[in-house]
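Just below is one structure, and these are the notes that go with it.
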Amino acid sequence: LVLNASGGVGSFAVQFAKNAGATVIGTCSAKNADYVSGLGAHTVVDYNAGDVAAAVIAANGDAPVDLVYDAVGGDNSAVGFAALKEGGTLVSIANFEVAELAKTVGGDKIGKAFLVAPSKEQLTTIAADVDAGKVVIPETASMPLSKAAEAQDLSQSHRVKGKLVLVPGTEE
């Protein structure tokens, strides 16, 4: 399960998981469902359409998922744990309290916070996958640097599809 599968990080996570042979369920808004499906998600769950955890479990053959990748944090971590099987792991790049949260949900679910530590080997593999067409670069939008505050608000709303880039020296 990839939470925020249409975002810049989530869109890569969908592709990496699919390429590794995983059955991928991605969450996003309905307007981004085709985008996430196109990235390789087997099933897309609209996070605005009710009980996300129940929809994920239903999409997974009425079974909780093995692994959750949380690219959003906040309340989404709790949604991820609700959809996660006992003994499963939730990895978050956006909630560094996820290990403590795992203890509060009970059972033997595992929460791991994760920070990227890129390596030459990993980046070379990713570049080769991009060159081979196995991974596509997420959609990118740009805004002038003078709109940095607006861009930050937009980013924090978790409503950006793909990546948002600030460009110095440009105006509207």
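Bear in mind the structure is a predicted one, so any value in this text is a computation, not a measurement. All heavy atoms count here, side chains included; hydrogens, waters and symmetry mates do not.
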I need the full list of salt bridge (charged side-chain N to carboxylate O under 4.0 Å, His left out) pairs touching residues 104-118, with sequence neighbours left out, sorted by first then second residue. none
Approximate separation, where rounding is to 0.5 Å, of Thr43 OG1 and Leu1 CG: 10.5 Å
For Val24, run the side chain to side chain contact (heavy atoms under 4.5 Å, CB included) check against Val2, Val65, Leu39, Val36 and tell me which one passes. Val2
Rounded distance (nearest 0.5 Å) linking atom OH of Tyr47 with atom CG of Asn4: 6.0 Å
Please examine the side chains of Asn95 and Leu101, heavy atoms only from C-beta on, and report whether any two atoms are closer than 4.5 Å. yes
When you check the side-chain N and O atoms of Ser29 and Asn48, is any donor under 3.5 Å from an acceptor? no
Find the distance between CD1 (Ile110) and CZ (Phe81) and round it off to the nearest 0.5 Å. 9.5 Å
Nearest heavy-atom contact between Val45 and Ala55 is CG1-CB, 3.7 Å
Minimum-distance pair of heavy atoms, taken over all atoms of Gly111 and Ala102: N-CB, 3.6 Å
Less than 4.5 Å apart, any side-chain heavy atom of Leu115 and any of Phe96? yes
Distance from Tyr35 atom OH to Cys28 atom SG, nearest 0.5 Å? 10.0 Å
Starting at OG of Ser92, measure out to CG of Leu3 and round the result to the nearest 0.5 Å. 8.5 Å
Where the side chain of Gln15 meets the backbone of Gly40, is there a donor-acceptor pair that is under 3.5 Å apart? no
On a heavy-atom basis, which atom in Ala41 and which in Gly26 lie closest, and how many Å separate them? CB-N, 4.3 Å
Would you name the heavy atoms of Pro118 and Gln122 that are closest together and state the gap between them? CA-OE1, 3.8 Å
Counting only N and O atoms by type, is there a donor-acceptor contact under 3.5 Å from the side chain of His42 to the main-chain atoms of Thr23? no
Within-4.5 Å side-chain heavy-atom neighbours: Ile126 and Phe16: yes
Within the 4.5 Å heavy-atom criterion, are Ile137 and Val130 side-chain neighbours or not? yes
Please say whether more than 12 non-hydrogen atoms of neighbouring residues, nucleotides or ligands are located less than 6.0 Å from CD in Glu121. no
Counting distance only, does the side-chain N/O of Asp70 pair as donor-acceptor with the main-chain N or O of Gly80 below 3.5 Å? no
Any chance you could measure Glu150, atom CD, to Leu166, atom CG, to the nearest 0.5 Å? 10.5 Å
Which atom names give the shortest non-hydrogen contact between Thr89 and Leu67, and what distance separates them? O-CD1, 3.2 Å
Cluster question for you: counting only ILVMFWY and a side-chain heavy-atom cut-off of under 4.5 Å, with indirect links fine, are Ile57 and Val68 together? no
Do other residues, nucleotides or ligands put more than 12 heavy atoms under 6.0 Å from Asp75 CG? no
Within-4.5 Å side-chain heavy-atom neighbours: Val116 and Ile93: no
Mind checking salt bridge (charged side-chain N to carboxylate O under 4.0 Å, His left out) for Lys85 and listing every partner two or more places apart, or none if nothing turns up? Asp66
If every non-hydrogen atom of Val98 is compared with every non-hydrogen atom of Ala113, which pair is closest and at what distance? CG1-N, 3.5 Å
Side chain to side chain contact (heavy atoms under 4.5 Å, CB included), paired with Thr27, selected from Val72, Asn76, Val44, Val52: Val52
CG (Asp34) with more than 12 external heavy atoms under 6.0 Å: no
